[in-house]
Amino acid sequence: MLLKVVVLQQLYGNLSDEQMEYALLDRLSWQRFIGMADARDLPDARTLWAFKNLIAGGGGAEVLFREVSHQLARAGLTAKGGQLIDATIVEVPKTRVSDESRETLNNGQTPAHWDAKCIAHTDGDARWTMKHGKWFYGYKGHINADQKHKLIRAIEVTPANVDDRVPLEKLIDADAVRLESGKTVHADKGYDAKATRELLKAQGLRDGVARKDDAQRYDQTDNQKRNKRLSRIRARVEHVFGGWEKTMGKRLRSIGETRAKSMIVVQATVYNLRRWITLDARIDGRGASTA
């Protein structure tokens, strides 16, 4: 029942625990969904907070993600097409900091001039990173989505300043069954490196990673043509992040790495559930059975 509450909380815009408590009291349809219609002892904000701590500490979010993945497979929505690899930044609560304090935090230390209140309200496990000239504080959700269904098949969570290539080996799927449906790994220029190409080759995967400009060559035409051709496929992963952000926003209401990793995995699971409904509707539109 509480898992259903957590799913609802994310599905309707990443509500705070207090907002969720009010919504459960206010909406009979939500009470019916969680199996507690007309009940007097509906979960309150503290109960929900404690439950999310429980699943964070016990790995419950990962179990939920795997269970939904199994259900997707049983519904016929197995991974097909290329593997789309990318990462997105998920922000956490932060305070305004100077450049010096930002560097201190990224080194895993606490600025000497911070008081107890400032420390308590800042996630010491998160890290700063810059993207498109703007600073972000939080974590990265690294995903592997399949090309055909745009469902998240694997996810890893790291502090935001970790290079996108670090969790790549854990994300790619070199299983024989998966290779039959798609061998190409698509990723942007941030993954372009000799080590990446060697890893893909060793795993029997095709290289669909966009190339950076070759400093040894004046004419970049070949690289640009290749990147343009591959980008039409790789761009599908942006649809995944767009759906994620539209549904839940890419921002957490928690502090600490354990809780952050858990909630990011929950959000990825909720994205898959929502995407599943969309895919079922499309199948229904063709007159096929979704059983």
Side-chain angles (χ1 to χ4, degrees), residues 1-14 33-35 55-56 58-88 90 141-157 167-187 203 205 208 233-248 250 261-291:
M1 179 270 292
L2 284 171
L3 276 175
K4 289 183 177 181
V5 175
V6 172
V7 169
L8 280 175
Q9 185 178 30
Q10 296 300 324
L11 191 60
Y12 286 87
N14 189 14
F33 175 74
I34 68 172
I55 62 173
E62 289 77 7
V63 174
L64 178 62
F65 181 82
R66 290 195 296 270
E67 176 56 31
V68 170
S69 297
H70 294 327
Q71 292 183 15
L72 288 168
R74 290 196 293 270
L77 296 174
T78 54
K80 293 182 180 180
Q83 302 182 38
L84 311 178
I85 308 294
D86 208 346
T88 189
V90 181
H142 306 261
I143 70 164
N144 177 341
D146 69 308
Q147 179 182 340
K148 181 175 181 179
H149 297 122
K150 294 190 287 189
L151 288 163
I152 299 174
R153 305 297 180 172
I155 182 167
E156 294 289 331
V157 180
L168 179 60
E169 187 171 2
K170 295 181 180 180
L171 288 172
I172 57 177
D173 188 351
D175 182 77
V177 176
R178 181 68 180 95
L179 293 182
E180 289 180 3
S181 64
K183 289 186 177 182
T184 306
V185 172
H186 297 272
Q203 298 283 3
L205 294 159
I233 299 173
R234 191 203 63 79
R236 291 176 66 81
V237 75
E238 301 300 338
H239 304 166
V240 176
F241 292 141
W244 183 334
E245 185 168 19
K246 182 178 180 180
T247 302
M248 296 157 283
K250 288 186 285 188
K261 286 185 175 181
S262 176
M263 293 314 301
I264 291 172
V265 173
V266 166
Q267 289 187 346
T269 306
V270 172
Y271 164 82
N272 277 352
L273 289 170
R274 191 175 186 276
R275 177 67 181 160
W276 186 357
I277 294 171
T278 301
L279 292 170
D280 270 358
R282 292 178 179 177
I283 294 173
D284 281 337
R286 295 197 300 268
S289 171
T290 61

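Quick caveat: nothing in here was measured; it's all calculated off a predicted structure. Throughout, residue positions are numbered sequentially from 1 according to the sequence presented.
Atom CG of Leu84 sits about 9.0 Å away from atom CZ of Arg234, to the nearest 0.5 Å. If you take CD on Glu169 and CG on Leu171, they are separated by 10.5 Å, rounding to the nearest 0.5 Å. Rounded to the nearest 0.5 angstrom, Leu151 CG and Leu273 CG are separated by 10.0 Å. Atoms OG1 and CH2, from Thr88 and Trp244 in turn, are 6.5 Å apart once rounded to the nearest 0.5 Å. For the atom pair NE2 of His142 and CD1 of Ile264, the computed distance is 9.0 Å after rounding to the nearest 0.5 Å. Atoms CZ and CG, from Arg275 and Asp280 in turn, are 11.0 Å apart once rounded to the nearest 0.5 Å.
Annotation for Val237 and Ile143: closest pair CG2-CD1, 4.0 Å, computed over non-hydrogen atoms. Pairing each heavy atom of Ala75 with each of Trp276, the nearest pair is CB-CZ2, 3.6 Å. Counting all heavy atoms, side chain and backbone alike, Phe65 lies closest to Ala154 at CZ-N, 4.1 Å. The nearest pair of heavy atoms linking Leu11 to Arg274 is CD1-CD, 4.1 Å. Of all non-hydrogen atoms in Ile172 and Asn144, the two that sit nearest each other are CA-ND2, 3.9 Å. Smallest separation of non-hydrogen atoms from Thr269 and Ala61: OG1-O, 4.5 Å.
For Lys4, the NZ atom is densely surrounded, since the number of other residues' heavy atoms within 6.0 Å is greater than 12. Summarising the local packing, OH of Tyr12 is surrounded by 12 or fewer heavy atoms from other residues, nucleotides or ligands at distances under 6.0 Å.
Here the side chain of His149 pairs no donor or acceptor atom with the backbone of Ala79 at under 3.5 angstrom. Of the possible donor and acceptor atoms, one in the side chain of Arg236 sits under 3.5 Å from a partner among the backbone N and O of Lys148.
With respect to Tyr271, the side chain to side chain contact (heavy atoms under 4.5 Å, CB included) criterion is satisfied by exactly one of Thr247, Val266, Val240: Val240.
Side-chain contact between Gln83 and Arg153 is absent, with no heavy-atom pair separated by less than 4.5 Å. Contact of the Glu238 side chain with the Asp86 side chain is registered, since non-hydrogen atoms from C-beta on lie closer than 4.5 Å.
Annotation: ring pair (Phe, Tyr, Trp, His ring centres under 6.0 Å) contacts of Phe33 (sequence neighbours excluded): none.
Checked for salt-bridge contact, Asp146 and Arg178 miss the test: no charged N lies under 4.0 Å from a carboxylate O.
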Derivation and outcome, side-chain contact (heavy atoms from CB on, under 4.5 Å), residues Gln267 and Lys250: CA-CA 9 Å; Gln267 289 187 346; Lys250 288 186 285 188; 5.7 Å; no
